[in-house]
Amino acid sequence: QVYLVESGGGLVQAGGSLRLSCAASGYTFNNYGVGWFRQAPGKEREFVAAINRSGGRTWYTDTVNGRFTISRDNAKNTVYLQMSRVKPEDTAVYFCAVGPTGSRRSDSYDYWGQGTQVTVSS
């Protein structure tokens, strides 16, 4: 059984920083790519960032590129999303997901966490 647990969400002021974590268990962590997605109220889930198995390749959606950084620590079975210079439009529930490779496509992922709420105040 694969378990993904997101943490690190909360309330932050615009311009501030937050680091999300995705702790994984139940599978060989470094055999899988990991993605972060988010869903704001009334909107569809959207891709945020992804990282491949080794951590050597990353992808970002344009709206967060240069502000967010995805990384992974395979020794700790954890993927991070460092969020900097956050904006009110970053407010959403953030989900991590794992799949065979890193991808922008949500249907490329097999397992999903429950999500963590990020709220950015203006």
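No hydrogens, no waters, no symmetry mates; every other heavy atom, side chains included, goes into these values. Small disclaimer: the values here were computed from a predicted structure and weren't measured.
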S.K.: Side chains of V2 and Y32: closer than 4.5 Å at any heavy-atom pair?
M.R.: no

S.K.: Please name all residues satisfying ring pair (Phe, Tyr, Trp, His ring centres under 6.0 Å) with W112, sequence neighbours left out, ordered by chain then number.
M.R.: F37

S.K.: Who are the side-chain hydrogen bond (donor to acceptor under 3.5 Å, both in side chains) partners of T69, not counting sequence neighbours?
M.R.: none

S.K.: Return the minimal non-hydrogen interatomic distance between Y27 and A24, and the atom names on each side.
M.R.: OH-CB, 3.4 Å

S.K.: For T91, is there any backbone N or O sitting under 3.5 Å from a side-chain donor or acceptor partner on T119?
M.R.: no

S.K.: Tell me every residue that passes side-chain contact (heavy atoms from CB on, under 4.5 Å) with N65, counting only those two or more places apart in sequence or in another chain.
M.R.: Y60

S.K.: To the nearest 0.5 angstrom, please state how far the CG atom of L4 sits from the CD atom of Q114.
M.R.: 9.5 Å

S.K.: Tell me the salt bridge (charged side-chain N to carboxylate O under 4.0 Å, His left out) pairs involving residues 55-70, sequence neighbours left out?
M.R.: R67-D90

S.K.: For Y3, what residues pass the ring pair (Phe, Tyr, Trp, His ring centres under 6.0 Å) criterion, not counting sequence neighbours?
M.R.: none

S.K.: Working to the nearest 0.5 Å, report the span between OG of S106 and CZ of F95.
M.R.: 11.5 Å

S.K.: Quick one: closest heavy-atom pair of Y94 and A92, and the distance?
M.R.: CD1-O, 3.4 Å

S.K.: Give every residue pair that meets the salt bridge (charged side-chain N to carboxylate O under 4.0 Å, His left out) criterion with at least one member in residues 103-122, sequence neighbours excluded.
M.R.: R105-D107

S.K.: Using a side-chain heavy atom cutoff under 4.5 Å and only I, L, V, M, F, W and Y, what cluster partners does V5 have?
M.R.: none

S.K.: Going by side-chain contact (heavy atoms from CB on, under 4.5 Å), name the residues that satisfy it together with T63, two or more places apart in sequence or in a different chain.
M.R.: R38, T61

S.K.: Please answer: with hydrophobic residues joined when any side-chain heavy atoms are less than 4.5 Å apart, are Y111 and F29 in the same cluster?
M.R.: yes

S.K.: List the residues meeting side-chain contact (heavy atoms from CB on, under 4.5 Å) with T28, not counting sequence neighbours, and say none if there are none.
M.R.: N30, N31

S.K.: Going hydrophobic residue to hydrophobic residue with side-chain gaps under 4.5 angstrom, can you get from V34 over to Y109?
M.R.: no

S.K.: Only counting residues at least two apart or in another chain, list the ones meeting ring pair (Phe, Tyr, Trp, His ring centres under 6.0 Å) with F68.
M.R.: none

S.K.: Can I get a per-line list of side-chain donor-acceptor pairs under 3.5 Å for residues 73-87, giving both atom names and the distance, sequence neighbours left out?
M.R.:
from: D73; atom 1: OD1; to: A75; atom 2: N; distance (Å): 3.1
from: D73; atom 1: OD1; to: K76; atom 2: N; distance (Å): 3.3
from: N74; atom 1: OD1; to: R72; atom 2: NE; distance (Å): 2.7
from: N74; atom 1: OD1; to: R72; atom 2: NH2; distance (Å): 3.3
from: N74; atom 1: ND2; to: R53; atom 2: O; distance (Å): 3.4
from: T78; atom 1: OG1; to: K76; atom 2: O; distance (Å): 2.8
from: R85; atom 1: NH2; to: G66; atom 2: O; distance (Å): 2.5

S.K.: In Å and rounded to the nearest 0.5 Å, what is the CD1 to SG distance from I51 to C96?
M.R.: 12.5 Å

S.K.: Determine all donor-acceptor pairs shorter than 3.5 Å in which one atom belongs to a side chain in residues 7-22; sequence neighbours excluded.
M.R.:
none

